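First the proteins, then the strands, lettered A, B, ... as listed; each starts at 1. For clarity, every value in this text was computed on a predicted model and none was experimentally measured.
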Amino acid sequence: MTLRVPERQARGTIRPWAALRERLLRLLPLDLLRGMALTFRRQAPSAVYTEQYPQQRPVVADRFRGAPRLNNDFETGETLCIACNLCALACPEALIVVGAERNAQNRKELTFFTYDLSRCMFCGLCEDVCPTDALELTQDFELASYSREGAIWDRPMLENGPTPKRYEK
Amino acid sequence: MSHRTTPDPLRGGPMTAPAPGESHLDSSEMILNMGPQHPSTHGVLRVVLKLDGERVVDAECVIGYLHRGVEKIGEHRTYMQFNPYVDRMDYVSAVSNGLGYCEAVEKLQGVVAPPRAQVVRVMLAELNRISSHIVWLGTHALDIGAMTPVFYSFREREEILKIFEKYCGARLTTHAFRIGGLQWDLYDGFESDLRRFCQTFPARVDEYETLLTENRIWRERTVGVGRLDATTCKALGVTGPVLRAAGVAWDLRKAQPYSGYEKYAFEIPVGENGDTYDRYRVRLQEMRQSCRIIAQAVDGIPDGPILARIPKVFKPPVGEVYHSIEAPKGELGFYIVSDGSLQPYRLRVRPPSFVNLQALRGMVRGALVADVVAIIGSIDIVLGEVDR
Ligand code: SF4
Ligand code: SF4
């Protein structure tokens with residue numbers, strides 16, 4: 001498929017009325033006017049797409065990969081994490097540290113869990129490998145902190161989630 | 001070589017300083033640094049221009065400001081772990097990068113993604129082609145001075161990014177595909193979202209055309225600017241819309257079909273003059289053709305598994321592989337050498353932007369300074385991919 005560029009006819013072959021039309025078109029900027037007509041058609045307030053962010057909060061998709069969360073069992077309130085360390089191994093940036101200890105029944109128990117958000121690229125590989133759905137990337141997207149240390153989340157932070165200030169419109 | 005001689009566009013050594021005995025004072029030439037913080041160089045590209053008045057005598061690209069060592073990182077990650085990094089090369093077409101990488105590793109391992117995964121991959125990659133061209137159109141028009149198209153084009157891009165977000169949870173660095181297929185199945189309403197998009201989008205392209213195609217200012221700024229003929233394009237290894245604008249109907253989706261592209265009816269738009277205006281026309285037509293492919297694919301999504309059988313501990317056999325796909329900007333190739341371990345022994349990327357950028361010197365020579373901005377825009381580079 002070759003694209004034909006609409007070229008004006010060569011001078012010699014133009015018939016008189018076509019030459020006149022050519023002149024008039026040069027004077028009357030139809031091409032520009034058409035564009036402007038389109039722009040004015042699109043001026044309606046209903047065509048506003050801009051989101052008024054802090055006042056108007058976007059609803060992100062269900063699968064959105066945002067702030068991490070360590071899930072607890074609904075009923076017992078105990079953590080779902082079995083300290084298997086798979087997430088730490090899957091992470092390309094090696095930013096998850098899982099601490100575990102053997103309890104009296106010789107079962108592994110989670111002691112601490114740190115997650116360095118400043119290096120995370122939200123690829124979701126850690127979430128994919130977790131066998132118990134303990135680690136989940138949630139819909140929270142406001143992750144700013146005042147210091148680099150603030151970006152390193154510990155277990156209580158991961159379980160409770162971030163608490164950004166909410167503004168009303 | 002005196003500093004006034006113009007080097008051969010294909011070879012051309014570094015630009016020379018004035019010869020001994022000659023000073024800058026007796027020439028009217030001037031060296032001008034454009035970038036790396038220039039808003040129209042699309043990232044951190046530095047172009048050293050040698051000017052004679054307003055005319056460009058010579059130009060040299062200085063790259064590397066965004067180098068992150070992606071290829072080296074690949075040698076220290078497992079095959080699965082490297083997958084999210086390729087999204088960060090050409091960040092406006094992350095899905096295409098992921099497709100190229102996953103297909104290359106699959107070829108190395110000798111597996112093929114299931115049919116359902118292939119169709120989903122085609123649909124997302126074509127959506128990504130549209131969104132990449134849309135970003136190009138908006139910013140390129142903005143560079144040249146047309147303010148309106150950028151707002152309209154980002155409106156459509158938003159719709160595409162919403163679909164990406166619903167499908168894989170991220171808008172830009174999608175990590176949409178996995179080696180062997182897909183991680184997620186389609187969400188409810190995917191088909192209707194795509195159908196709605198395919199219905200509305202051609203009219204939106206018509207809007208862009210109303211704003212630009214016949215616009216006399218746009219034509220003055222682009223027709224005949226930055227011409228590059230087919231022979232030079234081939235000699236420099238230029239691919240993608242820049243090559244097709246020069247009249248060569250070369251598209252890897254037709255030439256070496258991958259991921260089931262042979263099943264779809266679409267055409268390769270080619271230009272005639274190889275100038276900035278033709279590149280604009282070619283990209284606009286490509287958006288329409290991509291829309292056609294999506295419309296065909298959405299009607300024939302087969303059922304079945306979405307992930308091929310892939311061992312948990314993924315160790316491809318010893319060997320090497322090169323696989324290339326038609327990314328929005330041209331041929332994107334991955335060359336992977338495996339030593340049978342968990343990590344690639346060597347991973348090399350052939351990025352389209354990097355190769356296409358080499359053509360800049362031949363294009364800008366003899367042009368005006370203002371045209372340099374238009375020409376850089378028309379190649380459609382992303383510095384994340386040039387520098388990797
Ligand atoms: S999202 Fe990716 S980078 Fe972040 S912790 Fe999980 S695996 Fe690591
Ligand atoms: S993969 Fe899941 S269960 Fe295992 S350590 Fe990580 S969060 Fe805990």
Pick one of side chain, backbone, both or neither for [X], based on which atoms fall under 4.5 Å of a heavy atom in chain A.
X       : value
T148(B) : side chain
F151(B) : neither
F154(B) : neither
Q183(B) : side chain

Query - Residues of residues 117-124 of chain A within contact distance of chain B, non-hydrogen under 4.5 Å - result: M121(A), C123(A)
Which value, rounded to the nearest 0.5 Å, describes the distance between [X] atom [atom1] and [Y] atom [atom2]?
X       : Y       : atom1 : atom2 : answer
T174(B) : R65(A)  : OG1   : CZ    : 7.5 Å
E93(A)  : I73(B)  : CD    : CD1   : 7.0 Å
L32(A)  : R216(B) : CG    : CZ    : 5.5 Å
R34(A)  : T213(B) : CZ    : OG1   : 11.0 Å
L125(A) : Q81(B)  : CG    : CD    : 7.0 Å
T39(A)  : L211(B) : OG1   : CG    : 5.5 Å

Query raised in the report: By a 4.5 Å heavy-atom criterion (distance strictly below it), what part of A90(A) contacts chain B: side chain, backbone, both, or neither?
Result: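 Backbone of A90(A) only, per the 4.5 Å heavy-atom cut-off to chain B.
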**Report entry** Which atoms of L33(A) approach chain B - backbone, side chain, both or neither, heavy atom under 4.5 Å
**Finding:**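 For L33(A), there is no contact with chain B at all, as no heavy atom is under 4.5 Å.
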Query raised in the report: Mind checking which of residues 82-92 of chain B sit less than 4.5 Å from chain A, heavy atom to heavy atom?
Result: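 Hits under 4.5 Å: P84(B), Y85(B), R88(B).
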Looking at [X], I want to see if its [atom1] is surrounded by more than 12 non-hydrogen atoms of other residues, nucleotides or ligands under 6.0 Å.
X       : atom1 : value
N103(A) : CG    : yes
E220(B) : CD    : no
K254(B) : NZ    : yes
E75(B)  : CD    : yes
R68(B)  : CZ    : yes

Query raised in the report: Do you know the tightest heavy-atom contact between F64(A) and E165(B)?
Result: CD1-OE2, 3.9 Å
**Report entry** Salt bridge K166(B)-D62(A), side-chain N to carboxylate O under 4.0 Å
**Finding:** no
Requested in this report: Output yes when a side-chain donor or acceptor of R63(A) lies under 3.5 Å from a complementary backbone atom of C168(B), and no otherwise.
Outcome: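 No; judged by distance alone, with no hydrogens or angles, the pair does not exist.
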Report task. Against chain A, work out which of R178(B), R171(B), M80(B) has the most heavy-atom pairs shorter than 4.5 Å and name it. Result ->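 Answer, by heavy-atom pair count under 4.5 Å with chain A: R178(B).
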